[in-house]
Amino acid sequence: VDEKLYQMKKLMIFPFSGTGIEALDCLGDEWSCTGFISDDPQWIGKNYFGIPIYDRSRLLTDNETYVLAVPGSPDSFLKREEIITALNIPDDKLAIVIHPKAAVGSHVKLGFNALIMAGVVITSNAMIGNHVCVLPNTTIHHDSVIEDYTLIGGNVLVAGNVTISKNCYIGAGTNIKNGVTIAAKTLVGLGSNVISDIIDKKIVFGNPAK
Ligand SMILES: CC(C)(COP(=O)(O)OP(=O)(O)OC[C@H]1O[C@@H](n2cnc3c(N)ncnc32)[C@H](O)[C@@H]1OP(=O)(O)O)[C@@H](O)C(=O)NCCC(=O)NCCS
């Protein structure tokens with residue numbers, strides 16, 4: 001056990017939030033979480049199952065620690081780029097965290113600061129940008145492109161050749177038809193069926209999504 005701990009890479013998770021604590025479950029034997037970073041005074045100085053919660057002054061205080069930055073909810077996802085950029089973490093210090101029970105194909109391209117949760121399947125030639133989170137049991141099929149800063153909820157089906165542009169939020173349980181393109185900064189509501197391109201609508205939902 002000691003040898004395993006020695007080999008694990010150190011990780012701080014930002015923020016102390018629902019997605020942040022779910023990230024903790026994804027670390028497997030590769031990462032050891034040495035702290036959360038929070039902006040919320042009610043949490044700073046406390047701990048979560050023994051893991052300390054710090055303020056931002058503890059970010060990047062040593063050379064060996066990586067950061068996973070996963071802010072954003074259906075209400076705040078449009079601010080993800082601004083929030084992550086303001087942390088000022090060099091790209092090579094941003095982690096890629098893949099749950100040991102996710103299946104990421106060998107020809108998939110995955111950017112930095114990616115969080116891929118349990119049960120996610122990503123198949124041939126899919127391209128996942130930087131700062132992308134994919135929640136449990138989502139499937140992303142061949143040749144699909146998920147651009148930077150996008151969040152994909154749990155149980156989403158992204159069929160082949162789909163493009164989800166920058167900084168979208170795809171609500172849980174949504175299906176996206178093959179070949180569809182979704183414009184940047186779109187929120188797709190929970191449980192939707194997206195069957196044609198979404199060009200200039202900022203929020204769509206339902207079946208078919210409108
Ligand atoms: C789409 C969404 C943003 C709309 O939120 P809202 O603007 O507060 O809308 P309201 O709840 O006031 O609903 C407005 C109408 O749309 C309907 N509606 C809202 N969300 C819907 C959805 N996802 N699917 C179908 N209908 C929906 C409501 O029933 C309501 O219909 P009515 O006017 O006939 O009564 C929200 O419902 C949603 O799905 N957010 C994503 C949540 C999510 O993915 N959570 C998972 C976290 S991982």
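Source: prediction; values computed, not measured. One-based numbering, in listed order, for ligands and for the atoms of each.
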Below 4.5 Å, heavy atoms only, C-beta onward: do [X] and [Y] meet side chain to side chain?
X	Y	result
His141	Ile122	no
Asn113	Asn130	no
Leu94	Leu68	no
Phe16	Ile21	yes

Transitive ILVMFWY side-chain link Phe112 to Phe14, under 4.5 Å: yes
Proximal candidate to atom 21 (C) of ligand 1 [heavy atom criterion; set Phe77, Phe205, Tyr169]: Phe205
Among Thr174, Leu135, Leu187, which one has a heavy atom closest to atom 40 (N) of ligand 1?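 Comparing heavy atoms across Thr174, Leu135, Leu187, the nearest one to atom 40 (N) of ligand 1 lies in Leu187.
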Hey, which atoms in ligand 1 end up nearer than 4.0 Å to a heavy atom of [X]?
X	result
Gly171	44 (O)
Ala172	44 (O)
Gly189	1 (C), 23 (N), 38 (C), 39 (O)

Under 6.0 Å from the six-membered ring centre of Tyr66 and within 45° of its axis: does the NZ or CZ of Lys93 meet both?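 Flagged: Lys93 positioned over aromatic ring of Tyr66.
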Can you confirm whether some protein heavy atom lies under 4.0 Å from [atom], or whether none does?
atom	answer
atom 7 (O) of ligand 1	no
atom 47 (C) of ligand 1	yes
atom 16 (O) of ligand 1	yes
atom 3 (C) of ligand 1	yes
atom 44 (O) of ligand 1	yes
atom 12 (O) of ligand 1	no
atom 26 (N) of ligand 1	yes
atom 35 (O) of ligand 1	no

Does any N/O atom on Leu190 come nearer than 3.5 Å to any N/O atom on ligand 1?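 Checking ligand 1 against Leu190, an N or O pair does fall under 3.5 Å apart.
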Just to verify, what does Leu24 make a side chain to side chain contact (heavy atoms under 4.5 Å, CB included) with, not counting sequence neighbours?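 Here the qualifying residues are Ile13, Leu27, Cys33, Phe36, Tyr48, Ile51.
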Modelled atom types, side-chain donor and acceptor of Asp148 and His131, under 3.5 Å: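 No, because no side-chain N or O of Asp148 sits under 3.5 Å from a partner of the opposite role on His131.
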Contact with ligand 1 for Gly191, non-hydrogen, under 4.0 angstrom: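 No, Gly191 has no heavy atoms under 4.0 Å from ligand 1.
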In this structure, which one of Ile83, Leu78, Ile84 forms a side-chain contact (heavy atoms from CB on, under 4.5 Å) with Arg80?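 Only one option passes, and that is Ile84.
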Could you pull out all residues at least two apart from Phe205 that satisfy ring pair (Phe, Tyr, Trp, His ring centres under 6.0 Å)? none
Looking only at protein heavy atoms, which one is nearest to atom 42 (C) of ligand 1, and what is the separation? Pro74 CG, 3.9 Å
